[in-house]
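Protein chains get the first letters and strands the later ones, always in sequence-line order, with residue 1 at the start of each.
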Number of protein chains: 2
Amino acid sequence: MLTTERHSLILEQLTKYKNLTIKDIIELTYASESTIRRDLTELEAQDKLVRIHGGATLPKRKLQEFSIKEKSTKNLHEKVQIAQYAVSLLNKGDCIFLDAGTTTMQMIPFLKDKEVVVVTNGLTHVEALMNYGIPTYVTGGYIKTKTGALIGAQTIQSISNYRFDKSFLGVNGFHKQFGYTTPDPEEASTKRQASAYALETFMLADQTKRNNVSFAKIADISDAALITCHLSEEAYKIFSDLTTVKVANQ
Amino acid sequence: MLTTERHSLILEQLTKYKNLTIKDIIELTYASESTIRRDLTELEAQDKLVRIHGGATLPKRKLQEFSIKEKSTKNLHEKVQIAQYAVSLLNKGDCIFLDAGTTTMQMIPFLKDKEVVVVTNGLTHVEALMNYGIPTYVTGGYIKTKTGALIGAQTIQSISNYRFDKSFLGVNGFHKQFGYTTPDPEEASTKRQASAYALETFMLADQTKRNNVSFAKIADISDAALITCHLSEEAYKIFSDLTTVKVANQ
DNA sequence: TCATATTCGTTCATTTTTGTTCAAAATCAT
DNA sequence: ATGATTTTGAACAAAAATGAACGAATATGA
């Protein structure tokens with residue numbers, strides 16, 4: 001069977017059943033597991049499907065993308081720990097900036113008793129904040145449909161209208177030399193601005209982000225405090241030389 | 001069974017029965033208790049459900065509640081007519097402001113083919129606009145929890161960063177002498193600003209709003225075009241002396 | 001209030017899935 | 001046919017998901 005035949009067969013069955021296991025596909029094509037894996041990798045690169053643990057599924061189009069947050073909540077437990085620790089740093093009456101993203105999202109349930117005022121650029125956060133009855137301001141801006149984050153010049157301008165006691169930002173990587181980074185330059189600018197208008201900035205990152213370097217730089221390590229999890233003693237030494245490092249639940 | 005399959009199965013059943021016990025889910029999925037617990041934890045982190053002792057239930061979604069309320073709203077048919085008529089006034093490529101509120105909400109389904117860019121201060125509108133794939137900007141501001149509308153100084157400032165071809169505003173009353181009015185002065189200011197930054201302004205109001213006078217004045221009748229429904233000939237004469245009046249579907 | 005029964009979160013071992021490497025087979029160009 | 005390139009399948013270590021066990025927390029009913 002030709003490679004392209006396999007590919008179209010996979011996609012055909014996928015549109016029919018919405019998701020397939022690797023085993024399904026093996027039975028379907030009589031190819032080996034390795035080959036199927038390669039197929040899936042390739043088809044995913046072409047945006048024709050999305051790989052999931054155990055198989056593949058159809059990519060989410062416009063619909064639902066936003067309301068159903070498809071971000072698989074990986075390292076959830078760590079994120080919750082980090083979030084909880086971050087909240088413990090708050091004082092009554094603080095005005096804070098809450099960045100869009102899954103880690104900062106986990107802070108919201110703990111905010112209830114803190115009597116803070118929140119400014120956020122995450123549309124996904126808005127609903128949760130409302131449900132907890134937390135006074136909330138939204139930055140303006142263009143909606144990035146993939147993540148429900150507000151970005152662009154308007155967002156940056158909006159932020160400049162506030163002053164924050166503390167900013168809590170999510171990052172995609174932190175690295176001794178290359179600093180805090182994130183894939184989207186637009187988001188990086190937004191984060192930078194939120195940091196500039198805050199007395200203190202906290203970068204939230206689980207351990208998988210260590211030594212990651214993404215495309216767009218947000219700031220140097222020394223420009224913000226780092227809140228993370230499970231840092232080796234060696235790594236702790238490296239980063240705490242440069243900035244305040246808080247390790248949530250050791 | 002794939003993890004995502006289980007997840008969507010759980011959510012599907014949950015929307016059907018409003019709440020489920022862990023046992024229900026085990027019978028449904030043939031997975032172990034541990035696995036189900038993990039699923040629930042993850043789905044809760046994504047705000048898709050709320051865990052309760054013994055199972056899970058649907059989260060209370062304020063924004064969604066608003067949307068549902070809007071659907072069961074009064075004079076829906078009139079509002080749809082008015083909205084549809086309003087959309088018919090649009091040209092390809094127009095940049096428009098869409099005010100928060102039930103009547104303007106009805107415009108969204110018809111916008112799909114118009115290739116417009118939308119700026120809105122209604123959080124309830126955002127999800128709908130995204131679902132229809134319409135490029136959307138959100139104004140900044142404070143969230144009025146009752147209605148999901150953005151208001152306040154930041155909203156007004158946000159609006160000044162745009163220029164609209166057309167603004168579509170909802171009003172609570174229109175009156176020959178007292179003009180267009182709405183109960184909340186903050187919202188009135190927002191509407192006034194949206195009108196000021198638009199080449200043309202359209203006030204959308206069903207017939208029950210005629211001769212209503214609310215607390216806060218938005219503008220004089222002559223300051224904006226009026227789109228309404230079922231106007232008596234006498235009333236039509238009165239208002240069309242002052243401004244452009246469009247009667248949707250007579 | 002207390003005792004009992006569920007349910008919950010956590011930990012750990014097991015199973016499954018994944019990415020990578022490497023050699024064999026197939027395909028291609030000359 | 002020969003050598004070069006690509007595709008394939010197998011092996012294996014790393015990562016992720018799963019299920020069972022168990023003490024802690026919570027609900028239930030007397």
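Between Tyr162(A) and Phe97(A), the ring centre distance reaches or exceeds 6.0 Å.
Under the rule for a salt bridge (charged side-chain N to carboxylate O under 4.0 Å, His left out), the partners of Asp39(A) that lie at least two apart in sequence or sit in another chain are Arg6(A). Annotation: side chain to side chain contact (heavy atoms under 4.5 Å, CB included) contacts of Glu78(A) (sequence neighbours excluded): Asn75(A), Asp206(A), Gln207(A), Cys229(A), His230(A). Remark: Asp223(A) engages no residue in a salt bridge (charged side-chain N to carboxylate O under 4.0 Å, His left out) (not counting sequence neighbours).
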In B/S/- notation (B base, S sugar-phosphate only, - none; protein heavy atoms under 4.0 Å), nucleotides 4-29 of chain C written 5' to 3' is ---SBB-------SBB----------
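Sorted pairs that involve residues 108-123 of chain A and meet side-chain hydrogen bond (donor to acceptor under 3.5 Å, both in side chains), not counting sequence neighbours, are lacking altogether. Among residue pairs with one or both ends in residues 22-33 of chain B, those qualifying as side-chain hydrogen bond (donor to acceptor under 3.5 Å, both in side chains) are Thr21(B)-Asp24(B), Ser32(B)-Thr35(B), Glu33(B)-Arg37(B); sequence neighbours excluded.
Between Thr35(A) and dG9(D) there is a side-chain polar atom (N or O) within less than 4.0 angstrom of OP1 or OP2.
Taking atom CD of residue Glu5(A) and atom P of nucleotide dT7(D), one finds them 15 Å apart after rounding to whole Å. Computed from coordinates, the Arg6(A) CZ to dG9(D) C1' distance equals 12 Å when rounded to whole Å. The interatomic distance linking Glu42(A) (CD) with dT7(D) (C1') rounds to 11 Å, in whole Å.
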